[in-house]
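Heavy-atom basis, side chains included; hydrogens, waters and symmetry copies ignored. This is a predicted model, so every value here is computed, not measured.
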Amino acid sequence: MPRPGSAPRWAAAAGRWGCRLLVMLLLLLLVPGPGGASEITFELPDNAKQCFYEDITQGTKCTLEFQVITGGHYDVDCRLEDPDGNVLYKEMKKQYDSFTFIASKNGTYKFCFSNEFSTFTHKTVYFDFQVGEDPPLFPSENRVSALTQMESACVSIHEALKSVIDYQTHFRLREAQGRSRAEDLNTRVAYWSVGEALILLVVSIGQVFLLKSFFSDKRTTTTRVGS
């Protein structure tokens with residue numbers, strides 16, 4: 001039989017470990033992403049150009065990923081320049097792409113999205129610009145000694161959550177793009193149905209008047225010529 005008082009001690013220990021685990025999970029969920037990460041969805045009107053700027057230090061690894069969600073043929077021009085104006089990346093009429101580079105110098109890098117080739121349709125563009133690596137989950141993660149089992153589990157959960165966030169973003173973009181295509185198709189079908197109805201109405205009225213002209217009596221006039 002358990003000794004008197006042993007159950008409360010075990011319960012207290014389990015409660016302390018549960019509180020610690022809860023606190024660590026909350027810290028895990030609240031930990032910030034990369035310090036220079038930017039994730040924006042914006043409207044790009046026709047005949048317009050939108051530029052963004054980011055201060056980057058030399059040797060920092062950066063990744064630019066973008067995708068056109070709605071508008072036209074779902075394409076846009078993209079251009080990335082270093083502080084001296086040298087072109088690092090340039091693509092014309094791309095639907096989506098990803099580009100990774102390492103900053104060769106300190107300064108302000110500029111990347112622009114252009115819809116100047118379109119004269120009627122505006123676009124909705126999503127981009128994710130990541131600067132640098134993720135900060136360590138624990139300040140002592142780079143220590144010589146191995147991580148504890150609890151710390152290793154938190155690191156694994158953190159990596160899994162980052163993958164989940166990436167998948168969710170990807171599927172949200174696909175869902176938005178699919179919804180835009182479906183709404184555009186629905187609008188075209190509605191206009192086509194209205195046009196067909198008008199054409200059928202005009203053809204029906206024309207056939208009625210044509211048949212009526214076939215069966216109408218034509219008066220003939222006779223002219224008597226006197227001698």
Original post:
What residue among Leu201, Val203, Val208 forms side chain to side chain contact (heavy atoms under 4.5 Å, CB included) with Ile205?
Top reply: Leu201
Original post:
Would Val164 and Gln168 count as a side chain to side chain contact (heavy atoms under 4.5 Å, CB included) if you check the C-alpha gap in whole Å, the side-chain angles of each, and the deciding distance to 0.1 Å?
Top reply: CA-CA 6 Å; Val164 170; Gln168 286 180 336; 4.0 Å; yes
Using atom types as modelled and distance alone, determine if a side-chain donor or acceptor of [X] lies under 3.5 Å from a backbone N or O of [Y].
X: Asn115; Y: Pro45; answer: yes
X: Ser180; Y: Ala176; answer: no
X: Gln58; Y: Ser104; answer: yes

Side chain proximity check, [X] to [Y], heavy atoms < 4.5 angstrom:
X: Thr70; Y: Glu183; answer: no
X: Asp75; Y: Val68; answer: no
X: Thr63; Y: Thr100; answer: yes
X: Arg181; Y: Leu185; answer: no
X: Asp84; Y: Lys105; answer: yes
X: Val194; Y: Tyr191; answer: no
X: Val131; Y: Cys62; answer: yes
X: Glu54; Y: Thr108; answer: no

Original post:
Given Thr57 and Asn106, is the side-chain hydrogen bond (donor to acceptor under 3.5 Å, both in side chains) satisfied, shown in steps?
Top reply: CA-CA 4 Å; Thr57 58; Asn106 299 328; 4.9 Å; no
**OP:** Start with the C-alpha gap between Gln50 and Val125, add the side-chain angles, then the distance that decides, and say whether side chain to side chain contact (heavy atoms under 4.5 Å, CB included) holds.
**Re:** CA-CA 10 Å; Gln50 184 70 41; Val125 183; over 6 Å; no
**OP:** State which residue, out of Tyr126, Phe66, Phe52, fulfils the ring-ring contact (aromatic ring centres under 6.0 Å, His included) condition with Phe42.
**Re:** Phe52
Euclidean distance, [Y] [atom2] relative to [X] [atom1], rounded to 0.5 Å:
X: Thr119; Y: Phe117; atom1: OG1; atom2: CZ; answer: 10.5 Å
X: Asn47; Y: Ser114; atom1: CG; atom2: OG; answer: 9.0 Å
X: Lys61; Y: Ile56; atom1: NZ; atom2: CD1; answer: 13.5 Å
X: Ser118; Y: Lys93; atom1: OG; atom2: NZ; answer: 9.0 Å
X: Lys123; Y: Asp46; atom1: NZ; atom2: CG; answer: 9.5 Å
X: Asn86; Y: Leu80; atom1: CG; atom2: CG; answer: 11.0 Å

Same cluster or not: [X] versus [Y], using hydrophobic residues (I, L, V, M, F, W, Y) connected whenever any side-chain heavy atoms lie under 4.5 Å apart?
X: Phe127; Y: Ile69; result: no
X: Ile40; Y: Leu64; result: yes
X: Leu88; Y: Phe113; result: yes

Original post:
Between Tyr167 and Phe171, how do the two ring planes meet: parallel, tilted or perpendicular, split at 30° and 60°?
Top reply: parallel
Original post:
Under 6.0 Å from the CZ atom of Phe99, do we count more than 12 heavy atoms belonging to anything else shown?
Top reply: yes
Subject >> Shortest non-hydrogen separation from Lys110 to Tyr53 and the atoms involved >> reply: CD-CE2, 3.2 Å
Subject >> Cys51 and Cys112 SG atoms less than 2.5 angstrom apart >> reply: yes
**OP:** Indicate, with yes or no, if the rings of Phe101 and Tyr89 have centres closer together than 6.0 Å.
**Re:** no
